[in-house]
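See below for the structure under consideration.
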Amino acid sequence: MAINKEIAAIFYAIADLLDLQGVEWKPIAFRKAARTLENYSEPMDKIVKAKGIKGVMELPGIGEGIGKKIVQYVEEGKIDEYEELKKEIPAGVRLMLNVPGMGPKKAARLYKELKIDSLEKLEAFAKEGKIRALSGFGEKSEQDILMGLELVKKGQERKLMGIILPYARELAKKINSIPGVQRVELAGSLRRRRETVKDIDILALAKDGKKVMDAFVKLPDVEKVVSKGDTKTAVILKMGLNCDLRVLSPEVYGAGLVHFTGSKEHNVALRMLAIKKGMKLDEYGLFDNKSGKNLACKNEEDVYARLGMQYIPPEMRENTGEIELAQQKKIPELIGYDAIHGDLHTHTNWSDGANTTEEMVVRAVELGYDYYAITDHSKSDVIANGLNEKRVKEHFKEIDALQKKFPQIQLLKGAEVAILSNGKLDYGAETLKEMDIVVGSIHSGFKTPPKEMTKRLLTAMENEYLTFLGHPTGRLLNQRNPYEYDIEKILETAASNRIAVEVNAFPSRMDFDADHIRLALQKKVKLVINTDSHSTQNLDFMEFGIAQARRGWAKKEDVLNALPWKAFQREVLR
DNA sequence: GCCGTTTTCGGCCCGACTGTTTTCAGTCG
Ligand SMILES: Nc1nc2c(ncn2[C@H]2C[C@H](O)[C@@H](COP(=O)(O)OP(=O)(O)OP(=O)(O)O)O2)c(=O)[nH]1
Ligand SMILES: [Mg+2]
Ligand SMILES: [Mg+2]
Ligand SMILES: [Zn+2]
């Protein structure tokens, strides 16, 4: 897992360095391989050990050349070509690529012709007006570089989708009320519901693009205009993110939305498919090469259909096999956004939640849930004000009383029980047996070596009371890496012990991720989708968890809390 | 460097916007 990310990072670096050397095509190949590794949930060392180079060459975009490099990294912890490239090009030159507007061609020229090999030198040269001496560079280029350097210093990290989506919806409404705008859609990674987003991409349909753009850049949300045309405008928003607005004519809604939803890799794959079929695909339509006729542009369905494919839901558009599935008409019926009947991982102010149990239950009733589990922290999670056995009993008495008051919802007693370092659960059987839902979570010892961590989880999964593993990799987006263990082994055990795994919808968690979900489903492990709410507002996070499950190609049947109460009771509670 | 029911060689997505340009390369989405 971590090793895949390590190798991917090296491949991205190799791609950049080759780009700087003006090498053609190879950078694309290395980036494609890097992306394959990032999305692959089995660690490369395991594959190499089991099947050698043949094993890695089965993966898309990985052939003999790149395969050998993976094997070398697994065996020696380094890759020769990368070591060579690093000697040829100073690290600072690659960093210069982070400056917006600075690509490999410009960076290479600044390095070759002015010996600029660091961000500091770049700044100094720009300030002193020494860059304009180069043909093709001018005063404006120097200003752009200086402004770009400021952005690099700020260091923009990707933002949490769950935080940005509500804001983006509001912004979309404002754009929708610009005169002449007929329709607005969120696009890009937001529409695909990636767990993090770099920017907000919005598609607007209107006849007169220029008018819309003029009004758009005057919105109070806009801090600064980066570029502005009649059909494409990029701005920096006051809230800190960039926003790309694309305005297209309503007739090309479908082709435009396919294009602007992406992913890039999905688009490229679709376009190559079109080429094979004697057509051309862009944001204005799918065109027949011979007649030049626009064959499909109105709806997304039309575009896919004309390419011989089923409609592909946005959450699946990552070019990780969905195109082949759509060609075989085997796109799964993904779990719907209204399919969840109960939240199974929630907190109250008995531990570290902000609201009372009753306030949480009231909101759960409002959300229309059939059942609702209250799962506060266990005693070892002291910072989270975890409950000892005595307080658990008291809390459960309160829940019994609330059940009488709210007969329209089935309240489930539970706990998010710490999995201790020895793998034992934080409560004994006499406490656990009183519970309907037992969430097993790791909240300590994240750096435990993989072998021990695997054993720890296996021990926990021996516990007959365990219902599911909570936030199963423990990652915190932008903050903490996943803890490492043998995921395949754990999933196989989960399947045989009938223990589910969670898709945690909390915006900074979103854990499992899409690739782990797909692996879990391959192993016939059931999912539960929960908010891990610490307040009544948090209960609205459910849609993000469902999105994540859809990104992992989950169907309703794969998700335990998509079962209506009676079936849930029969199949899950014991 | 990868890949193949039209290819084992010769392709590899395609268009918008900008700056420095007299006709377009570079970057980006
Ligand atoms: N055909 C094509 N489409 C692209 C390319 N780059 C981007 N797009 C399309 C698909 C993207 O989803 C969409 C928005 O671009 P972004 O750079 O904002 O990427 P995206 O939103 O997918 O991810 P992000 O979270 O912003 O990094 O534009 C490209 O190189 N070719
Ligand atoms: Mg985007
Ligand atoms: Mg964008
Ligand atoms: Zn929790």
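Keep in mind that this is a model prediction, so the values were computed, not measured. Every chain is numbered from 1 and lettered A, B, ... according to where its sequence line falls, protein lines coming before strand lines.
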Can you check the [X] [atom1] to [N] [atom2] distance for me, whole Å?
| X | N | atom1 | atom2 | answer |
| --- | --- | --- | --- | --- |
| Asp282(A) | dC14(B) | CG | P | 8 Å |
| Leu97(A) | dT27(B) | CG | P | 9 Å |
| Met272(A) | dG10(B) | CE | P | 17 Å |
| Ile14(A) | dG1(B) | CD1 | C1' | 11 Å |
| Leu151(A) | dT27(B) | CG | C1' | 15 Å |
| Asp199(A) | dG29(B) | CG | P | 7 Å |
| Lys276(A) | dC3(B) | NZ | C1' | 9 Å |
| Glu139(A) | dT20(B) | CD | C1' | 13 Å |

[atom1]-based separation of [M] from [N] [nearest Å]:
| N | M | atom1 | value |
| --- | --- | --- | --- |
| dT6(B) | dC2(B) | P | 24 Å |
| dG15(B) | dT8(B) | C1' | 33 Å |
| dA25(B) | dT21(B) | P | 14 Å |
| dT20(B) | dT27(B) | C1' | 15 Å |
| dC13(B) | dC3(B) | P | 14 Å |
| dT23(B) | dC28(B) | P | 25 Å |
| dC9(B) | dC14(B) | C1' | 24 Å |
| dA16(B) | dG11(B) | C1' | 25 Å |

**Request:** Could you tell me whether Glu139(A) atom CD has more than 12 heavy atoms of other residues or ligands within 6.0 Å of it?
**Result:**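 For Glu139(A), atom CD is not crowded (no more than 12 foreign heavy atoms under 6.0 Å).
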Look at all strands and tell whether [X] reaches a base, only sugar-phosphate, or nothing, counting heavy atoms closer than 4.0 Å.
| X | answer |
| --- | --- |
| Ile66(A) | sugar-phosphate |
| Glu64(A) | sugar-phosphate |
| Ile275(A) | sugar-phosphate |
| Pro100(A) | sugar-phosphate |
| Lys264(A) | base |

Among the nucleotides [options], which one has an atom lying closest to any side-chain atom of [X]?
| X | options | answer |
| --- | --- | --- |
| Phe30(A) | dT27(B), dG1(B), dT18(B) | dG1(B) |
| Ala29(A) | dG1(B), dT27(B), dG29(B) | dG1(B) |
| Asp144(A) | dG26(B), dC13(B), dG19(B) | dG19(B) |
| Arg271(A) | dT27(B), dG29(B), dC13(B) | dC13(B) |
| Thr231(A) | dG29(B), dC17(B), dG1(B) | dC17(B) |

**Request:** Decide whether Tyr12(A) and Glu38(A) meet the rule of one side-chain donor and one side-chain acceptor closer than 3.5 Å.
**Result:**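 Yes.
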**Prompt:** Mind checking whether Glu185(A) and Tyr253(A) have side chains closer than 4.5 Å, heavy atoms only?
**Reply:**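 Counting from C-beta outward, Glu185(A) and Tyr253(A) do come under 4.5 Å.
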**Asked** Does the side chain of Lys78(A) come within less than 4.5 Å of Gln72(A)'s, by heavy atoms?
**Response**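 Yes; the side chains approach each other to less than 4.5 Å.
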**Check: Thr196(A) main-chain N/O paired with Arg158(A) side-chain donor or acceptor under 3.5 Å** =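 Such a contact is found between Arg158(A) side chain and Thr196(A) backbone.
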Given [N], is OP1 or OP2 found less than 4.0 Å from the side-chain N or O atoms of [X]?
| X | N | result |
| --- | --- | --- |
| Lys140(A) | dG19(B) | yes |
| Lys280(A) | dG15(B) | yes |
| Lys232(A) | dA16(B) | no |
| Tyr284(A) | dC13(B) | no |
| Ser135(A) | dT20(B) | no |

Taking only distance into account, with no hydrogens and no angle test, what donor-acceptor pairs under 3.5 Å do side-chain atoms of residues 170-178 of chain A form with protein atoms, sequence neighbours excluded?
from	atom 1	to	atom 2	distance (Å)
Glu170(A)	OE2	Lys173(A)	NZ	3.3
Lys174(A)	NZ	Asp221(A)	OD1	2.9
Lys174(A)	NZ	Asp221(A)	OD2	3.2
Ser177(A)	OG	Lys174(A)	O	2.8

**Item:** Over all atoms of both residues, closest heavy-atom pair of Val93(A) and Ile89(A)
**Value:**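 Of all heavy-atom pairs spanning Val93(A) and Ile89(A), the closest is CB-CG2, 3.8 Å.
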**Request:** Between His259(A) and Gly61(A), just flag the one whose closest nucleotide in DNA chain B comes earlier from the 5' side.
**Result:**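 Upstream on the strand: Gly61(A).
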**Prompt:** Toward the 5' end of DNA chain B, which comes first, Gly138(A) or Val268(A), by nearest nucleotide?
**Reply:**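 Counting from the 5' end, the first nearest nucleotide belongs to Val268(A).
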**Message:** Return the pairing partner of dG26(B) with a 3.5 Å limit on both distances, Watson-Crick or G-U wobble; otherwise return none.
**Reply:**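 For dG26(B), the partner nucleotide comes out as dC17(B), under the 3.5 Å rule.
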**Asked** Does the ring of Trp25(A) lie flat against the base of dC12(B), closer than 5.5 Å centre to centre with planes under 30°?
**Response**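 Per 5.5 Å and 30° rule: yes, stacked.
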**Request:** Before giving the answer on salt bridge (charged side-chain N to carboxylate O under 4.0 Å, His left out), spell out for Lys280(A) and Asp282(A) the whole-Å C-alpha distance, their side-chain angles and the decisive distance to 0.1 Å.
**Result:** CA-CA 7 Å; Lys280(A) 181 196 74 162; Asp282(A) 62 27; 3.2 Å; yes
